[in-house]
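See structure below.
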Amino acid sequence: MSRPEPARAHDPASRHRLSPTRMLDVDPLIDDPDIRIVVCCGSGGVGKTTTAAALGLRAAERGRKVVVLTIDPARRLAQSMGIDSLDNIPRRVKGIDESAGGELHAMMLDMKRTFDEIVEAHADPERAAAILGNPFYQSLSAGFAGTQEYMAMEKLGQLRSRDEWDLIVVDTPPSRSALDFLDAPKRLGSFLDGKLIRVLLAPAKVGGRAGMKFLNVGMSMMTGALGKVLGGQLLKDVQTFVAAMDSMFGGFRTRADATYRLLQAPGTAFLVVAAPERDALREAAYFVERLAAEDMPLAGLVLNRVHGSGADRLSAERALAAAENLEDSGIVDQEDGKAGLRNSPETYGSSESPARNVTDGGSPATEDAGDAEADARAEAERSADRLTAGLLRLHAERMHLLSREQRTRDRFTALHPEVAVTEVAALPGDVHDLAGLRDIGDRLATSRPELSGTP
């Protein structure tokens, strides 16, 4: 079955539109039955979790059976889907439109529980109990560098092997570098199969006093250094852990390699998520290049929190000039009449009001009332001018922001014109329910005109 083309021609006529020749069309991507995994990746704080949830919801309401796997500890995904909490078991999301036959499930990675499940599945009960109770294992499974990313890949492999869902949407871990997600399987697999592990395993393999004698004779300097760094008890815990895990090391490496191949398979699609900011798009560009180097299929770039304006015909320069004119007129360009006369320096210090020198027969009370009305009208006009000038300056700031985002986006697209792009407008608040996720999904799929600055 041929896969639909995920990009469409770009309309060059609109101002503030992105400059790439291709735009990402999300619906053909999530509708394609050959696409079984969508991985949302990018630097931290760019909206990966919201993007993953919105894509999952949209795919489910278009007829696919979807599970969203998040590794976000903030638990926003559960809140937005109306679930009290997420755990290591997929939970069905209620309240979605299932008329097309789809379903939506969601889960949040429990790193330690996933590691425990691996041990329980690949070791006999006695050895599994020894491993699970080992202090070094407990530390490793709870927070060893790279373990979270590795366990995310393990869980992805488990979900895919069950063949229960049409589509798995993965929200990658909030790592310092988005590349950790790709590196972790190989890194942890190499660690468990590396020289240090073989050194620590040597005494157990030789056995008893002979093993310790072998270790003392062949590697006493190394273990002495390890003992100083780790401490004697921790070194013993590590050796016990390694001995118990010996039969499982090959399985870790095999599964890591299998998961890596799964990420390279045609049924997987990567979406790089970024904000229109220099650091986020620099990270996105690096990730695009890495995906290409690893032969991993990139579907496109989701550009979140893009600002737009329905009044982009008024440039920042014209808005600032108009604001300055309004502010200047409030100082020197007074209208003829009482207000101007009261502001005249010739009247300052005079004991008589100029209005009382008028010989047209009007009473002082009438003249005072006229003065007050004129003053009020003048003050109202000055207030309106100040408000208008302030709004013009805010508009100028918004136009400067749009220009800055445009330049940042153009630098990315100039480097990577082959990458299809879709935009999502900056929203006034956080997404906290299914309606908000549905709105994000609509924006992802349609690239609304306001996202590119047109009214």
Side-chain angles (χ1 to χ4, degrees), residues 69 71 87-90 107-162 173 183-220 222-224 226-227 229-262:
L69 168 63
I71 301 94
D87 54 23
N88 222 34
I89 300 173
M107 62 180 296
M108 185 169 69
L109 178 73
D110 184 329
M111 180 176 64
K112 187 179 187 312
R113 183 60 204 147
T114 300
F115 211 151
D116 292 349
E117 290 171 356
I118 297 170
V119 172
E120 293 166 351
H122 296 90
D124 59 73
E126 183 178 352
R127 178 169 291 193
I131 294 171
L132 297 177
N134 182 275
F136 179 74
Y137 168 79
Q138 293 173 358
S139 176
L140 174 70
S141 60
F144 191 78
T147 305
Q148 185 182 49
E149 289 82 1
Y150 180 85
M151 290 305 142
M153 291 292 87
E154 280 277 357
K155 181 55 68 175
L156 173 59
Q158 291 175 13
L159 293 172
R160 183 67 183 87
S161 65
R162 290 165 61 177
D183 291 333
K186 283 186 175 180
R187 187 168 61 244
L188 190 57
S190 297
F191 166 73
L192 295 174
D193 196 32
K195 292 181 179 179
L196 175 60
I197 293 296
R198 291 200 297 271
V199 168
L200 296 174
L201 189 58
K205 283 192 172 181
V206 175
R209 294 182 179 177
M212 290 308 297
K213 183 178 179 181
F214 168 80
L215 189 62
N216 289 334
V217 171
M219 302 177 185
S220 58
M222 183 172 184
T223 55
L226 284 172
V229 173
L230 302 178
Q233 183 59 47
L234 179 55
L235 180 58
K236 183 178 179 180
D237 291 339
V238 172
Q239 290 173 328
T240 304
F241 163 76
V242 169
M245 291 282 286
D246 179 28
S247 62
M248 297 179 58
F249 290 153
F252 275 102
R253 188 59 179 267
T254 299
R255 287 192 304 278
D257 292 341
T259 302
Y260 207 74
R261 290 194 298 271
L262 181 64

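One is the number of the first residue; the rest follow in order along the sequence.
For Asn134, there are no side chain to side chain donor-acceptor pair (under 3.5 Å) partners at least two apart in sequence or on another chain. The salt bridge (charged side-chain N to carboxylate O under 4.0 Å, His left out) check on Glu117 picks up Arg113, Lys155, with sequence neighbours excluded. Scanning for side chain to side chain contact (heavy atoms under 4.5 Å, CB included) contacts around Ala128 gives Val119, Ala123, with sequence neighbours left out.
Summarising the geometry, atom CG belonging to Leu69 is positioned 10.0 Å from atom CD belonging to Gln158; distances are rounded to the nearest 0.5 Å. Distance check, rounded to the nearest 0.5 Å: CZ of Arg160 to OG1 of Thr259 gives 12.0 Å. Distance check, rounded to the nearest 0.5 Å: CE of Met153 to OG1 of Thr114 gives 11.5 Å. A distance of 12.5 Å separates CG in Asp257 from CG in Leu262, rounded to the nearest 0.5 Å.
A donor-acceptor contact shorter than 3.5 Å is absent between the side chain of Asp110 and the backbone of Asn88.
Contact between Pro90 and Leu159 at its shortest, heavy atoms only, is CG-CD2, 4.3 Å. When every heavy atom of Phe115 is checked against every heavy atom of Tyr137, the shortest pair comes out as C-OH, 3.3 Å.
Residues Ile89 and Met107 form no side-chain contact, since every pair of their non-hydrogen atoms from C-beta on lies 4.5 Å or further apart.
A salt bridge links Asp116 with Lys112: the closest approach of a Lys/Arg side-chain nitrogen to an acidic carboxylate oxygen falls below 4.0 angstrom.
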